[in-house]
Chemist: 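Pasting in a structure now, in structure tokens, and then I'll have a few things to ask.
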2 protein chains.
Amino acid sequence: MKTVYERTDVVPLLAEIFRELGYEGTSLSRITERTGIGKGSLYHFFPGGKEEMASAVIAEIDAWFEHAIYRPLRNDDAGKAIAAMWTNVNDYFRSGGRICLVGAFALDDTRERFSAAIGDYFIRWIDALCSALMRAGCTGEKAQALAEECVSGIQGALVLSRALGDKTVFTRSLETLAKRLDAAVR
Amino acid sequence: MKTVYERTDVVPLLAEIFRELGYEGTSLSRITERTGIGKGSLYHFFPGGKEEMASAVIAEIDAWFEHAIYRPLRNDDAGKAIAAMWTNVNDYFRSGGRICLVGAFALDDTRERFSAAIGDYFIRWIDALCSALMRAGCTGEKAQALAEECVSGIQGALVLSRALGDKTVFTRSLETLAKRLDAAVR
DNA sequence: TGCATACTGTACCTATCGGTACAGAGATTG
DNA sequence: CAATCTCTGTACCGATAGGTACAGTATGCA
């Protein structure tokens with residue numbers, strides 16, 4: 001028996017590996033070892049090699065956030081979209097058990113390879129949240145500051161909860177941030 | 001002419017390289033390329049190889065924070081120590097131009113190698129800040145939450161400012177956090 | 001001055017890195 | 001059924017990884 005993959009199947013598997021090992025820490029042999037997918041298949045789907053694999057992963061993550069978080073924040077009822085953001089973020093990051101690939105890539109030299117996509121991911125998150133906050137009654141300045149603080153706070157919470165090996169740090173941080181938005185809006 | 005190093009001279013040079021390239025991204029040849037220090041010297045100072053180099057770097061960073069930030073927070077006048085923390089943090093991280101090596105190591109698999117030291121660095125920071133806040137009049141619960149929020153917030157600000165390539169994100173975040181502590185204390 | 005110690009450069013080792021080439025297997029289509 | 005297209009496994013490539021061995025050069029101290 002022999003498993004046949006499509007590109008679509010492979011990207012999420014790659015995502016988990018890049019997330020855990022980082023860009024430099026991810027080797028083709030580790031990918032094969034953990035997924036069973038050989039070089040032949042990998043280079044068939046991603047002729048650009050490792051860099052294209054990571055690019056595809058970032059693009060998929062970006063698309064998920066766009067659909068599940070950014071678009072609702074921009075278009076739907078502000079209060080509901082913000083509430084949905086918190087539950088989606090908590091689920092996506094497995095209550096602190098999963099890190100943010102995009103944030104991790106931003107920290108080291110890997111950033112140079114993907115700086116445009118990395119910047120975009122965060123700027124669009126902040127802009128979308130800012131838009132929701134303004135529709136909910138915040139002034140532009142206040143909304144911008146709060147949005148930045150939330151996105152930054154989520155990243156910090158991921159770092160700290162992983163550093164301490166304590167997921168409750170993440171969930172607690174999320175609650176604090178959510179309350180702060182709530183207080184600013186009502 | 002020939003430069004002769006001591007271990008003490010080498011550690012800060014290594015620190016900057018690990019910071020920029022990450023643990024996996026740092027190779028011995030890159031170290032030699034950027035410092036002029038050859039393998040002979042490196043393995044003389046660090047017989048345990050790359051892992052011992054990174055360990056030494058973490059230990060030095062930890063010692064710096066202990067001396068410049070944690071100890072004052074625990075022992076000196078609370079208000080002054082907190083104020084000093086903010087300026088020291090801003091200087092140390094070059095207003096967002098430099099990342100936190102310990103936080104970066106926490107994010108990927110590198111964490112497994114240094115988890116004890118990583119956890120320690122953050123737990124001691126939080127404890128020290130918590131102690132200062134309590135001496136300044138906060139209740140234990142409130143102090144703990146604020147301390148966690150500040151340390152986490154600094155990490156998030158580093159991630160976000162680097163992701164956006166915008167140092168003002170970092171300095172602005174620091175100001176917001178500082179004001180929040182100030183408000184809680186007075 | 002002589003000797004031990006601290007440091008450095010070079011040559012070399014094996015394992016693995018990312019990447020390429022390509023023939024063959026399976027399914028899809030005419 | 002034949003031809004085509006998509007996917008896969010294997011064998012390879014040169015380059016570089018981390019690490020070792022060791023002779024040579026400074027340096028500090030008696």
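Keep in mind that what you see is a predicted model, and the values were worked out from it rather than measured.
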Chemist: What residues, two or more places apart in sequence or in another chain, satisfy side chain to side chain contact (heavy atoms under 4.5 Å, CB included) together with B:S55?
Modeler: B:F114
Chemist: Are the side chains of A:M134 and A:Q144 in touch, meaning some heavy atoms are under 4.5 Å apart?
Modeler: no
Chemist: Do we see a donor-acceptor contact under 3.5 Å between the side chains of B:T168 and B:R172?
Modeler: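 Yes, because at least one side-chain N or O of B:T168 sits under 3.5 Å from a partner of the opposite role on B:R172.
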Chemist: Determine: side-chain N/O of A:H44 to OP1/OP2 of D:dT8, distance under 4.0 Å, yes or no.
Modeler: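 False: A:H44 side-chain N/O out of range (4.0 Å or more) of D:dT8 OP1/OP2.
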Chemist: Tell me which nucleotide among D:dG9, D:dG19, C:dT8 gets nearest to the side chain of B:K50.
Modeler: D:dG19
Chemist: Do A:Y92 and A:F65 make the cut of ring centroids closer than 6.0 angstrom?
Modeler: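 Yes; A:F65 has its ring centre under 6.0 Å from that of A:Y92.
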Chemist: Output the rounded distance in Å from CZ (A:F46) to C1' (C:dT20).
Modeler: 18 Å
Chemist: So that I can tick it off, tell me whether A:R30 and A:E20 are bridged by a salt bridge, with the cut-off set at under 4.0 angstrom between side-chain N and carboxylate O.
Modeler: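 Looking at A:E20 and A:R30, the cut-off is not met.
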Chemist: Please report the distance, rounded to the nearest Å, between NZ in B:K39 and C1' in D:dA17.
Modeler: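 B:K39 atom NZ is separated from D:dA17 atom C1' by 8 Å.
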Chemist: Rounded to the nearest Å, what distance is computed from the CD1 atom of residue B:I37 to the C1' atom of nucleotide C:dG9?
Modeler: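 Atom-to-atom, B:I37 to C:dG9, this comes out as 13 Å.
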Chemist: C:dC12 C1' sits how many Å from B:Y43 OH, rounded?
Modeler: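 So the OH-C1' distance, B:Y43 to C:dC12, works out to 14 Å.
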Chemist: Near DNA chain D, which residues from residues 11-30 of chain B have a heavy atom under 4.0 Å away?
Modeler: B:T26, B:S27, B:L28, B:S29
Chemist: Side chain of A:S41 only, heavy atoms from C-beta on: which candidate in D:dG9, D:dG19, C:dC7 is closest?
Modeler: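 The nucleotide sitting nearest to the side chain is D:dG9.
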Chemist: When the distance from CD of B:E52 to C1' of D:dG19 is rounded to whole Å, what number comes out?
Modeler: 13 Å
Chemist: Report the nucleotide, chosen from C:dG18, C:dT8, D:dT8, that has the shortest atom-to-atom distance to any side-chain atom of A:Y5.
Modeler: D:dT8
Chemist: Please report the distance, rounded to the nearest Å, between CD in B:E6 and C1' in D:dA26.
Modeler: 13 Å
Chemist: Quiz question: by atom type and distance under 3.5 Å, do the side chains of A:R135 and A:S131 form a donor-acceptor pair?
Modeler: yes
Chemist: B:E16 pairs by salt bridge (Lys or Arg N to Asp or Glu O under 4.0 Å) with which of B:R34, B:R98, B:R94?
Modeler: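 Output: one option passes, namely B:R98.
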Chemist: What is the distance from CD1 of A:I31 to P of C:dG18, rounded to the nearest Å?
Modeler: 8 Å
